[in-house]
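Reading through the structure tokens given below for one structure.
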Protein chains: 2
Amino acid sequence: MKETKKESAKTSKGEQTRAVILETALELFRERGYEETTMRAIAERAGVALGNAYYYFRSKEHLIQAFYSRIHEERQAPSLELLNKEPDLMKRLLGIMYIMVETIEPYHRFAGVLFRTAADPKSPLNPFSEESEPTRRESIALFAQVLEGSDSKVHKDLKQELPYLLWLYHMGITLFWIHDSSAGRARTYKLIDRTVDILVKLIGLASNPLMRPVRKAALRLAADLRTASA
Amino acid sequence: MKETKKESAKTSKGEQTRAVILETALELFRERGYEETTMRAIAERAGVALGNAYYYFRSKEHLIQAFYSRIHEERQAPSLELLNKEPDLMKRLLGIMYIMVETIEPYHRFAGVLFRTAADPKSPLNPFSEESEPTRRESIALFAQVLEGSDSKVHKDLKQELPYLLWLYHMGITLFWIHDSSAGRARTYKLIDRTVDILVKLIGLASNPLMRPVRKAALRLAADLRTASA
DNA sequence: TCTTCGAATTGAACGAGTTCAAAAATCAAT
DNA sequence: ATTGATTTTTGAACTCGTTCAATTCGAAGA
């Protein structure tokens, strides 16, 4: 009784304020960028006191975390739609990567900060951190689906670690995208085209006996990487 | 006449103050880490006014740049010594990577910030930026030497782009090292062992006709990457 | 020696993120 | 409806990076 009422109270009043603050923040971030957006400006436009913003978000950085999960949600629908229709591995991977870029594109303006904080081991926003585990797990699962649902043969040794490696790959692409100031983000798309091509070629070649030592070595490596960050 | 006198004046007085500030800063960074070190604290221990620190270093971040070149200098001697003695490619690459880690190890405490700022496209510390071009060029040249002086056959197609790719690789290792909190940085060394193994295997395999499409694709990719950041 | 000009130095002041004690609002229980 | 506790809200105050106008210092030229 006490519990539920408290919960609903928290939701109706608190959550509403929280939502307003977050919406306002993202709005301002898109308008002016991150550094240029003041906590005072957020509070003012949201119609709350400065301190109140800190009641809901421990720091300015913590606002970014909310942004993360939003992006993640927005990606789910188009990704699943693609994976249900397209059986060709190359097209699946290519499509997913394009979706990744398209969904995050409106925020390119403040993407620098996104990775700046993400690269800091101490930051909770760090994609390897405890705190981002849920999103990370879902994201890796998506790459597992890319492989599973395809009509290509993937060597069974790779089944285990490849999704994680693809997730790492997508982080690399994101890093490139952040630095990419070309028109229409042309360079990033080009990079995706080329790297996906290589990846699919390599995945195909992996079954070749000649590649066995490399394959084994790469798998040991992937396993290490994964446990190091876990 | 005027020139030389001015120069020497700049050196004797200004440069000395500059040096004191930098030394003090690095000292404090090692002691307490970056975030915890105040510009006021640096100025105070260095025995100068706050504003004076800003006369020599445009910002707190710019102190890191000085750190970069110091690290780079410290790496030169042991690297060249190794490359003169050791002809085996695997051992050369392994040795260089170990030197990279060993020289930067005392600063692990504030390494997070190092990459945090480095990942920001706007930051002058960004390793892809205009401002870090000289150090980057030298660093890539070192990896070229690793290849050139070895007794392994490196496919001629690779000569052009491979040094750059190895530099990128060393950036990746550094990123891992930053996040590595294992005893004696054991995980980083293990990762180096495994990745160097794979790299040397791949470099060897690259001459195989079967690998031709992958090799060609990888080279196109490397060329793109390089021009994108230049 | 005196003047002059640029380099070096100073410290007050500003802006922005963050903290915190106190006030206000909300809600459960009597 | 009143009380008491808990959540929410407030805004002043603090810290720290950064800027800048003013001052001091040092040396070259008269």
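Labels below follow one simple rule: chain letters A, B, ... track the order of the sequence lines, proteins then strands, and each chain is numbered from 1. Since this is a predicted model, take the numbers as computed values, not measurements.
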Legend entry - Whole angstrom value for the distance that separates C1' of C:dA24 from CG of A:N52: 12 Å
Legend entry - Residue pairs fulfilling ring-ring contact (aromatic ring centres under 6.0 Å, His included) with at least one residue in residues 24-49 of chain A, sequence neighbours excluded: A:F29-A:Y34, A:F29-A:F110
Inset, instruction - Find the distance between CG (A:L63) and OH (A:Y56) and round it off to the nearest 0.5 Å. - result: 13.5 Å
Legend entry - Lys NZ or Arg CZ of A:R18 over A:Y55 ring: under 6.0 Å, within 45°: no
Inset, instruction - For DNA chain C, find the residues of residues 54-66 of chain B with a heavy-atom distance under 4.0 Å and give them by number; none if there aren't any. - result: B:Y55, B:Y56
Inset, instruction - List in numerical order all residues of residues 28-50 of chain A for which some heavy atom is under 4.0 Å away from an atom belonging to DNA chain D. - result: A:R40, A:V48, A:A49
Legend entry - Partner residues of B:Q65 under the side-chain contact (heavy atoms from CB on, under 4.5 Å) criterion, sequence neighbours left out: B:H62, B:L125, B:E131
Inset, instruction - Take A:R137 and A:E133 through the test salt bridge (Lys or Arg N to Asp or Glu O under 4.0 Å) and record every step on the way to the result. - result: CA-CA 6 Å; A:R137 184 184 295 276; A:E133 217 258 328; 2.7 Å; yes
Legend entry - Pair A:T37, A:R32: side-chain N/O donor-acceptor within cut-off below 3.5 Å: no
Show me the side-chain donor-acceptor pairs of residues 19-27 of chain B shorter than 3.5 Å, one per line, residues at least two apart or across chains.
from	atom 1	to	atom 2	distance (Å)
B:E23	OE2	B:R70	NH2	2.8
B:T24	OG1	B:V20	O	2.6
B:E27	OE2	B:R45	NH1	2.7

Legend entry - With sequence neighbours excluded, residues passing side chain to side chain donor-acceptor pair (under 3.5 Å) with B:Y189: none
